[in-house]
Colleague: 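Supplied in structure tokens, the structure appears directly below.
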Amino acid sequence: MDYKFTYYGTSDFSAQILQGLVQSGLTPQLVISTLAKPAGRNLTVHSTPVSQLAASLGIEIWEVSNLKSVEQPAKIAARAHQFAILAAFGKIIPAAVLGCYPGGIINVHPSLLPLYRGPSPIQYAIKDGAAETGVSLIVLDNEIDHGPIIAQSACALMPVDDAVTLANKLAPLAVKLLLDNLPGYLNGLITPKPQNHLQATFSKMISRADGQADFNKTALAIGRQRRAFTPWPGLWTYWREKRLKLIDVAVFDYQDTPGKVSLINNQVVISCGQGSLAVKLLQLEGGKQLTAADFSRGHKDFIGSTL
RNA sequence: CGCGGGGUGGAGAAGUGGCAUCUCGCCUGGCUCAUAACCAGGAGAUCGUGGGUUCAAGUCCCACCCCCGCAA
């Protein structure tokens, strides 16, 4: 396939898709990503995963802060290709930019639209305990994740999947979906079908608070929460005024007061509203990740405390 | 100069100027039909690195290295 197109993306997931496309011989002429921002300790500047990948592949990159400005759409129009592919770009695409591409902008969305529109479809599918999810290819329109569907592919969501492993499954699926359907769409053999908007559900931007554990909930729900919000913000609570991250937990059949930490069969167990969670790995603020056994060896009052 | 916590036997922790401590692991012996059990004894640490203060520094001061949480 010898297409000329622009790729819009920002996140690590988006970089995985770009990588897959390039490996399949589908290399964009231009990559548009967002600006490198100060991040991490000491606020050092990091460019986006997509930007880094494009740089290593020698693809031309534009880093933009905002597409809404007056001059950006004009600049993009001057360099527009037949079509564009967009995956996890993170910025709203204004109508002026949409109109630049005769073939439209094809959006890769990691859910079975109209389910889980919005910025966090992978996390929300896990959090809800959905049995399956997938990837959708839609043509971008003026509303978020609202355009007609070119193609979809489903993927079973396993009870052990977290946001990372699921993304790792969905990215190759997205690449395959693009390779299989791009020709048909571009030459008019595939007519995108409108979504059933009445069935739409929405995901919200994730914040740190999404990871805070509420031990009155069921162990199953908290376990899903942990998988959904891995690696960020993770599942966390407070212990002795310090943040305690529960890195890895498993549902455990035991019942006590919610939040109570016990040692059952040599397992460190936190009781929940229904059932318990066996803690495998945890991390106290300022410390590194430890097994629950190592942690409770040094913090003797952890067992028996209530979170 | 974004804010903050930390580096102590193999693992995890206590220890704010005066003998280096606890739990686990390890070694030896004992006990038990048996268990991630119990009992007795033992080995193992130049307290992250380099300076400084002091009669005396894990502890106070200065610099550096490394790990981590927050915020973005």
Side-chain angles (χ1 to χ4, degrees), chain A residues 9-15 33-53 55 61 63-68 88-92 118-120 122-123 162-164 167 203-215 222 225-254 256 259-271 276-307:
Chain A
T10 298
S11 69
D12 190 57
F13 179 71
S14 187
S33 191
T34 51
L35 280 179
K37 292 186 299 189
R41 264 169 232 137
N42 302 331
L43 299 179
T44 42
V45 176
H46 293 284
S47 48
T48 69
V50 165
S51 216
Q52 288 178 29
L53 176 64
I61 308 161
E63 293 181 345
V64 299
S65 61
N66 190 336
L67 294 176
K68 288 178 185 164
F89 181 60
K91 301 278 179 193
I92 303 287
S120 315
I122 295 178
Q123 289 88 339
D162 63 32
V164 175
S203 64
K204 285 184 274 192
M205 190 78 82
I206 293 168
S207 75
R208 174 157 313 274
D210 287 315
Q212 181 160 20
D214 174 359
F215 293 109
I222 300 171
Q225 181 185 5
R226 191 232 105 208
R227 289 185 285 120
F229 300 123
T230 296
W232 189 88
L235 179 66
W236 54 270
T237 183
Y238 286 107
W239 184 62
R240 304 173 128 207
E241 320 274 302
K242 283 187 172 179
R243 196 180 295 265
L244 181 70
K245 286 185 167 184
L246 306 174
I247 308 289
D248 196 6
V249 297
V251 175
F252 190 85
D253 188 19
Y254 175 74
D256 201 335
K260 175 96 180 202
V261 183
S262 319
L263 188 67
I264 309 293
N265 293 337
N266 283 300
Q267 297 253 41
V268 177
V269 165
I270 304 173
S271 294
S276 293
L277 290 171
V279 185
K280 295 175 180 170
L281 285 176
L282 41 64
Q283 180 175 27
L284 190 63
E285 177 177 331
K288 46 186 168 184
Q289 284 187 19
L290 296 176
T291 64
D294 281 347
F295 184 85
S296 46
R297 204 160 283 142
H299 302 90
K300 296 187 198 93
D301 46 350
F302 183 58
I303 305 288
S305 63
T306 299
L307 301 175

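Quantities reported herein were computed from a predicted structural model and do not represent experimental measurements. In what follows, chains are A, B, ... by sequence order, proteins preceding strands, each numbered from 1.
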Colleague: Rounded to whole angstrom units, what separation is found between the CD atom of A/E285 and the P atom of B/rC3?
Modeller: 16 Å
Colleague: In whole angstrom, give the distance that lies between atom CG of A/L244 and atom P of B/rG5.
Modeller: 18 Å
Colleague: Give each protein N/O atom lying under 3.5 Å from an N/O atom of nucleotides 20-23 of chain B, with the pair distance.
Modeller:
unit_1 : atom_1 : unit_2 : atom_2 : d
B/rC22 : O2'    : A/K300 : NZ     : 3.4

Colleague: Within this structure, what is the NZ-to-P distance between A/K37 and B/rG2, rounded to whole angstrom?
Modeller: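 For the pair A/K37 NZ and B/rG2 P, the rounded distance is 17 Å.
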Colleague: Rounded off to whole Å, could you give me the CZ-to-C1' distance for the A/R243 and B/rG69 pair?
Modeller: 8 Å
Colleague: What heavy-atom pair brings A/S120 and A/S203 nearest, and what distance separates the two atoms?
Modeller: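 The pair with the smallest heavy-atom distance is N-OG, 2.9 Å.
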Colleague: For A/R240, check side-chain contact (heavy atoms from CB on, under 4.5 Å) against everything at least two apart and list the hits.
Modeller: A/D301
Colleague: Could you tell me which residues satisfy side-chain contact (heavy atoms from CB on, under 4.5 Å) with A/R226, sequence neighbours excluded, listed by chain and number?
Modeller: A/D162, A/T230, A/L235, A/D248, A/V249
Colleague: Could you check how far CZ of A/F295 sits from P of B/rG25, rounded to whole Å?
Modeller: 19 Å
Colleague: Taking the nucleotide of RNA chain B with the closest heavy atom to each, which residue, A/S296 or A/K242, is nearer the 5' end?
Modeller: A/K242
Colleague: Measuring from atom CD1 of A/I303 to atom NZ of A/K260, what distance do you get when rounded to the nearest 0.5 angstrom?
Modeller: 10.5 Å
Colleague: For B/rG44 and B/rG69, measure between their C1' atoms and round to the nearest Å.
Modeller: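 Here B/rG44 and B/rG69 have their C1' atoms 33 Å from each other.
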Colleague: Could you pull out the closest heavy-atom pair between A/V279 and A/A292, with the gap in Å?
Modeller: O-CB, 3.2 Å
Colleague: Look up atom CG in A/L290 and atom CG in A/L282, then write down how far apart they are to the nearest 0.5 Å.
Modeller: 7.0 Å
Colleague: Which part of the nucleic acid, if any, lies within contact of A/K245, taking any heavy atom under 4.0 Å across all strands shown: a base, the sugar-phosphate backbone alone, or nothing?
Modeller: sugar-phosphate
Colleague: If you look only at distance, which donor and acceptor atoms sit under 3.5 Å apart when one is on a side chain in residues 35-47 of chain A and the other is two or more places apart or in another chain?
Modeller:
unit_1 : atom_1 : unit_2 : atom_2 : d
A/T44  : OG1    : A/H46  : NE2    : 3.3

Colleague: Listing time: all N or O pairs from protein to nucleotides 34-39 of chain B that are below 3.5 Å?
Modeller:
unit_1 : atom_1 : unit_2 : atom_2 : d
B/rA36 : N7     : A/N266 : ND2    : 3.2

Colleague: Are the side chain of A/Q225 and the backbone of A/D210 linked by a donor-acceptor contact shorter than 3.5 Å?
Modeller: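 Looks like yes, one N/O pair under 3.5 Å.
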Colleague: For the atom pair CG (A/L246) and NZ (A/K280), what is the distance rounded to the nearest 0.5 Å?
Modeller: 13.0 Å
Colleague: Mind listing the residues from residues 287-294 of chain A sitting with a heavy atom below 4.0 Å of RNA chain B? Number order is fine.
Modeller: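 Heavy-atom cutoff 4.0 Å gives A/G287, A/K288, A/L290, A/D294.
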Colleague: Identify, with sequence neighbours excluded, every residue that meets ring-ring contact (aromatic ring centres under 6.0 Å, His included) alongside A/W239.
Modeller: A/F295, A/H299, A/F302
Colleague: Listed by chain and number, what are the side chain to side chain donor-acceptor pair (under 3.5 Å) partners of A/Q289, not counting sequence neighbours?
Modeller: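 In terms of side chain to side chain donor-acceptor pair (under 3.5 Å), with neighbours along the sequence ignored, A/Q289 is linked to no residue.
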Colleague: Report the distance from atom CG of A/D301 to atom C1' of B/rA14, rounded to the nearest whole Å.
Modeller: 12 Å
Colleague: Which residue pairs pass the salt bridge (Lys or Arg N to Asp or Glu O under 4.0 Å) test when at least one of the two sits in residues 291-300 of chain A, sequence neighbours left out?
Modeller: A/D294-A/R297
Colleague: With sequence neighbours excluded, tell me which residues meet side-chain contact (heavy atoms from CB on, under 4.5 Å) with A/A55.
Modeller: A/I61
Colleague: Where along residues 38-48 of chain A does a heavy atom fall under 4.0 Å from RNA chain B?
Modeller: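 When residues 38-48 of chain A is checked for heavy atoms under 4.0 Å from RNA chain B, the hits, listed by number, are A/P38, A/A39, A/G40, A/R41, A/N42, A/L43.
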Colleague: In whole Å, what separates the C1' atom of B/rA14 from that of B/rU23?
Modeller: 11 Å
Colleague: Measure the distance from CH2 on A/W239 to P on B/rG5 and round it to the nearest whole Å.
Modeller: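 It works out to 18 Å between those atoms.
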Colleague: Under the ring-ring contact (aromatic ring centres under 6.0 Å, His included) test, which residues partner A/F89, sequence neighbours left out?
Modeller: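 With sequence neighbours excluded, A/F89 shows a ring-ring contact (aromatic ring centres under 6.0 Å, His included) to A/Y8, given in chain and number order.
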Colleague: Over how many whole Å does the gap from A/M205 atom CE to B/rA72 atom C1' extend?
Modeller: 14 Å
